[in-house]
Amino acid sequence: MPAPAFQPGFFASGPQVLFEDAEGGVRYLPEVVPFALAARWFEAVRDHADWKAMRRPMYDRVVDVPRLVAAYRLEDPALPGPLADIAGHVRDALGEPFNAVGLNWYRDGRDSVAPHGDKPHMITPGHPIAVLSLGAERRMVVRAKQPPRRSVAIDLAPGSLLVMSHASQATHEHGIPKVRGPVGQRISLAFRVRPPR
DNA sequence: GTCTCCCAATTCAA
DNA sequence: CTTGAATTGGGAGA
């Protein structure tokens, strides 16, 4: 007999641990936000954030940074669109005192972010980073910086949270590789506890 | 001001 | 075919 389709956690898997460390490692939490709400948030954030297109020199040419970005301190009284509401949800979901958010808009499969770890000045020891995904699913790759450089891929569904420990930012890199073929638009919101300036 | 680190796209090798 | 290394240069942070 095949497993019954309604068995909880069989098809729609629950929280997933990509790897473990002393601070909780990297965890994927699907369906933290209901699908319909995530869809509304996607449109509102897309339409109201003040997106910036960056350019960067590369050899003898200047190239576009392959995504649009925006960033806010959560104490900003003029947070655009639903950002304050979203921040409240994420804070409540994890019980972390997030005070900053960085947004990335991946417009199609050519948009990406190179593997990287968050810089020490962006985060606070003991506090994780939480990446909320909205819009289309995109694959993230998390890779250890030290040999054997194990890498894990995770498809980030809308409404999910990827929670990465502070320690993991020193030991691992994460990135969104380019993909060929049609891909929908995705917006990520990376919540952090940043040190005061 | 000075130093260090990072990240873009393309090319090339395995 | 796929994956990874190497490459240059400007900007951000310490």
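Quick caveat: nothing in here was measured; it's all calculated off a predicted structure. First the proteins, then the strands, lettered A, B, ... as listed; each starts at 1.
Position along DNA chain C of the nearest nucleotide to R143(A) versus H121(A) favours R143(A) as the more 5'-ward residue.
Residues I176(A) and Y106(A) have side chains in contact (heavy-atom distance under 4.5 Å, counting atoms from C-beta outward). Side-chain atoms of L132(A) and W41(A), non-hydrogen and from C-beta on, do get closer than 4.5 Å to each other. Between D76(A) and L83(A), every side-chain heavy-atom pair lies at or beyond the 4.5 Å cut-off. For the pair H172(A)/V26(A), no side-chain contact is recorded, criterion being any heavy-atom separation below 4.5 Å from C-beta on.
OP1 or OP2 of dA8(B) has at least one side-chain nitrogen or oxygen of R67(A) nearer than 4.0 Å.
Atom C1' of nucleotide dC6(B) and atom NZ of K119(A) are separated by 6 Å, given to the nearest angstrom. Spacing between atom CZ of R55(A) and atom C1' of dG10(C) amounts to 14 Å, rounded to whole angstrom units. Distance R110(A) CZ to dA8(B) P: 16 Å, rounded to the nearest Å. One can place CD of E173(A) at 8 Å from P of dC7(B), the figure rounded to the nearest angstrom. Rounding to whole angstrom units, CG of residue L68(A) and P of dA8(B) are separated by 13 Å. Rounded to whole Å, the distance from CZ on R56(A) to P on dC5(B) is 16 Å. Atom CZ in R61(A) sits roughly 16 Å away from atom C1' in dC7(B) (whole-Å rounding). Summarising the geometry, the separation between CE on M54(A) and P on dA9(B) is reported as 13 Å, rounded to the nearest angstrom.
Nearest to the side-chain atoms of K178(A) among the listed nucleotides dC7(B), dA9(B), dG10(C) stands dA9(B). Checking dA8(B), dG10(C), dC7(B) against the side-chain heavy atoms of M58(A) singles out dA8(B) as nearest. Of the candidates dA8(B), dC6(B), dG10(C), the closest approach to any side-chain atom of V63(A) belongs to dA8(B).
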